[in-house]
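Per chain, numbering begins at 1; letters A, B, ... match sequence-line order. Any value given below was found using the heavy atoms of this structure, including those in side chains, with hydrogens, waters and symmetry copies removed.
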Amino acid sequence: MLDISVLNDKQAEAVQCTEGPLLVLAGAGTGKTRVLTHRVAYILENGLADPYEIMAITFTNKAAGEMRDRINSLVGYGAESIWVSTFHSACVRILRRYIDRIGYGTNFTIYDSGDQSTVVKNILAGKSKNDKINDSKKKFYITAISGLKNRLITLDDYKESDEYDEKVYTVYEEYEEELKKNNALDFDDLLLKTVMLLETDEEAREYYQNRLKYILVDEYQDTNKAQFELIRLLSGKYKNICVVGDDDQSIYKFRGADIRNILDFEKVFENTKVVKLEQNYRSTGNILDAANNVIKHNEKRKSKALWTEEEDGLDVEFHRVENEYNEADFVARTIKRLKSTGRFSFGDFACLYRTNAQSRHIEEAFVNNDIPYNIVGGKNFYQRREIKDIIAYLKTVNDGVDDLAVKRIINVPKRGIGEKTIQNIEMYADSNGINFYDALADKNCMDILGTRTAKKVERFVYEIESIRTLVGVESLSNVISRIIEDTGYEEMINEGTKEDAMNRMENLGALISKAIEYEEDYREKLENRANGAYDITDVSNMKPKDAESEDDEAVLGTGRDLLTKFLADITLMSDIDNLEEDDSRVLMMTVHASKGLEFDNVFLCGMEENTFPNRMVLNEKDGVEEERRLCYVAMTRARKRLYLLSAKHRMIRGSMYLLNVSRFIREIPGLYKENAKEIQYRERMENNDEFQDARHEFKRKAVFNISVEKIDSLDYGVGDTVRHMKFGVGEVKEIRNGGRDYEVTVDFENYGVKKMFASFAKLQKLD
DNA sequence: TATATAGTGTTTTTT
DNA sequence: ACACTATATA
């Protein structure tokens with residue numbers, strides 16, 4: 001029997017108020033996951049719905065897995081039939097079943113941000129041969145297209161809209177064509193197309209609306225328009241929609257999250273009940289106090305204040321250190337000191353920072369102090385080159401429909417098939433309206449290429465075809481192994497440095513393990529079905545016990561489908577999903593990555609103006625408010641100890657910057673006493689017109705350049721003979737003091753006149 | 001076609 | 001500082 005007495009009044013209210021729309025405003029650490037899981041259990045125990053009629057949506061696979069586990073331990077039998085998934089995988093499941101109704105093949109592939117980038121790059125390259133494609137241009141279009149899709153603005157809508165821009169339109173148009181041609185959907189499409197499907201196809205809509213009696217949404221503050229529409233559509237019949245979120249923790253605006261979803265929820269869903277959770281069970285009084293003091297400076301928020309029955313605990317510590325090395329050193333030494341008391345394991349510590357670039361020095365300090373650590377994020381596992389290569393092989397072996405994948409690996413490892421050849425094949429494929437891969441198997445196409453090149457291409461096709469025969473026969477992991485071994489991929493890797501090769505092979509090993517695990521899960525599921533865990537042949541009971549199986553049944557069944565599913569699932573996997581409980585390592589990650597996690601002891605590094613809040617958002621509208629929410633998220637990760645660190649100066653992109661204490665620190669009373677000099681300096685920064693002008697320059701060059709390692713004096717002069725490591729002996733002709741460094745002109749005996757910077761050249765004076 | 005060199009643009013990034 | 005990519009060169 002479900003024990004409601006473990007909940008406080010507000011939590012119990014949220015659990016028991018099952019009918020109609022419910023908005024739960026849950027501050028950090030107020031037990032929102034507990035509310036969600038108990039709510040599901042409560043619905044089941046009271047017979048309000050069967051498990052397959054309940055859907056719980058989260059943002060990460062990890063959160064979905066955790067929620068499923070917790071529901072499992074709460075209700076026991078039947079929990080596996082509850083549809084617990086991320087927004088995106090839920091959409092994949094719906095689309096695999098119905099997407100043919102809006103003109104795509106049900107075996108579509110998913111393009112990640114890297115693929116997206118490649119597509120846009122190709123479009124821009126085809127458009128203008130003289131214009132250079134730089135990253136920011138590419139990024140501009142990707143952001144534009146993604147932003148439109150997030151807001152459900154299709155090509156047709158965009159043409160009519162007042163933000164219409166011809167260039168964006170044409171790129172958007174070509175982008176859509178390209179993806180359609182490859183039967184591919186990007187992440188935003190998964191949501192957009194599902195909404196489109198449910199809007200236009202009555203049968204599909206009614207199927208899900210009839211099934212889903214209760215829908216629960218986690219991290220609601222980070223939903224975008226598309227996600228909002230999706231849940232509105234899915235909950236259209238029963239309208240038992242419960243969303244849980246915290247406007248103070250909305251930190252993904254830059255990815256389309258729309259705070260209006262939470263602020264306007266009550267307007268869109270009639271008769272919404274609102275429950276506020278404010279009692280915090282995670283942090284000490286002092287930590288909460290500090291966090292509250294920071295977040296209360298935001299103007300756009302629903303008012304609430306966390307409180308706790310816990311003790312005040314230890315003071316929040318602030319340390320103003322000299323530079324990034326001292327900061328890293330402080331973290332390492334403090335961890336060592338606390339660890340030596342025997343009361344902690346390394347897993348009790350986390351080190352958070354605003355940007356990934358800050359991780360390097362901390363990592364170094366950990367290495368030097370023998371502190372085991374784990375860095376979350378940076379580059380996602382599945383976005384690493386070797387993994388993406390093998391995925392491209394798998395896609396090609398699977399159906400060869402995705403041109404992007406085929407082109408990616410046709411010359412990896414090197415097969416002597418270059419740019420020109422690929423262009424020729426592409427032209428043939430385009431003019432004949434066939435896939436790139438199909439062109440490879442086309443005799444007429446090969447005739448264009450010439451026998452030597454054609455032979456190389458045939459060899460490639462042969463390799464792919466022989467692996468293709470193994471799909472559905474051999475295990476998934478074996479197929480992957482064969483790709484790595486038979487195509488010469490492993491050899492290619494081993495040509496690099498030893499360290500690099502080991503690293504890559506390790507990653508590929510992890511991919512294979514993932515495949516084995518995946519396959520085992522799949523078999524288990526099949527067995528459960530065979531053992532009558534549910535019976536789809538029983539027509540008298542039209543509702544299967546396992547809702548997922550019903551969706552599967554509509555489209556899946558063979559080994560090829562297992563591969564398709566695997567490819568989709570790993571594309572939707574993120575770095576944090578693979579984070580396993582490991583008590584023996586300190587965790588390092590960005591503040592963004594830390595959301596939803598908690599630790600006994602937290603170090604928050606880089607509490608400086610221009611670092612956190614980050615310099616890039618200072619001129620953005622509402623930019624600082626979003627940074628403040630980020631800061632609030634970071635601080636509320638801590639249970640017992642919170643260390644805030646700030647460096648007086650640090651080296652950023654090769655230049656030294658003087659940095660002020662972050663305004664967030666100054667918002668916490670009593671933490672930091674500024675001395676007169678610093679106040680004066682800050683006021684000059686904030687009020688001086690001259691400085692404001694300089695701030696615009698700030699992006700490009702170091703305004704506060706105080707010391708680049710400059711050689712004070714040279715031990716050689718004009719006329720001296722010097723030796724250079726590479727150019728040998730020469731005579732110094734000129735020395736120019738270039739401010740940062742000396743520029744030395746030397747006439748070398750064998751290489752002629754060269755100009756070089758003294759600090760790099762390391763010239764040696766000869767007598 | 002493969003490799004060496006110069007040039008470039010650097011916040012965050014659940015999926 | 002550093003990684004990534006466009007361009008020149010072998």
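- Under a 4.0 Å N-O distance rule, the pair A:Arg232/A:Glu229 qualifies as a salt bridge.
- Comparing atom distances between the A:Asn411 side chain and each of B:dA2, C:dA6, B:dT11 picks out B:dA2 as nearest.
- Among B:dT14, B:dA2, B:dT12, the nucleotide with an atom closest to any side-chain atom of A:Phe59 is B:dT14.
- Of the residues listed (A:Thr118, A:Asp186, A:Asp402), the one engaging A:Tyr111 in a side-chain hydrogen bond (donor to acceptor under 3.5 Å, both in side chains) is A:Asp402, and it is the only one.
- Remark: ring of A:Tyr252 not stacked against base of B:dT12; the cut-offs of centroid gap under 5.5 Å and plane tilt under 30° are not jointly satisfied.
- Checking B:dT1, B:dT14, B:dT12 against every side-chain atom of A:Thr355, the shortest atom distance belongs to B:dT12.
- C:dT5 and B:dT12 have their C1' atoms separated by 24 Å, given to the nearest Å.
- Here the side chain of A:Phe254 is nearest to one of B:dA2, B:dT14, B:dT13, namely B:dT13.
- Residue A:Thr421 places at least one side-chain N or O closer than 4.0 Å to OP1 or OP2 of B:dT1.
- Legend: residues meeting side-chain contact (heavy atoms from CB on, under 4.5 Å) with A:Thr453, ordered by chain and number and at least two apart, are A:Thr421, A:Leu449.
- In this structure, of C:dA6, B:dT11, B:dT13, it is B:dT13 that holds the atom nearest to the side chain of A:Thr590.
- Residues meeting the salt bridge (charged side-chain N to carboxylate O under 4.0 Å, His left out) test with A:Arg385, sequence neighbours left out: none.
- Within the 4.0 angstrom heavy-atom criterion, base atoms lie near A:Val617.
- When distances run from any side-chain atom of A:Arg360 to the nucleotides B:dT13, C:dA1, B:dA2, the shortest one goes to C:dA1.
- Residue contacts shown for A:Asn61 are limited to sugar-phosphate atoms, with no base heavy atom under 4.0 Å away.
- Residue A:Lys121 has its side chain nearest to C:dA6 when only C:dA6, B:dT13, B:dT11 are considered.
- Counting non-hydrogen atoms under 4.0 angstrom, A:Glu419 reaches the backbone sugars and phosphates but no base.
- Nucleic acid contact class of A:Lys420 (heavy atoms, under 4.0 Å, all strands): sugar-phosphate only.
- Listed nucleotides: B:dT14, B:dT12, C:dA6. Nearest to the side chain of A:Asn356: B:dT12.
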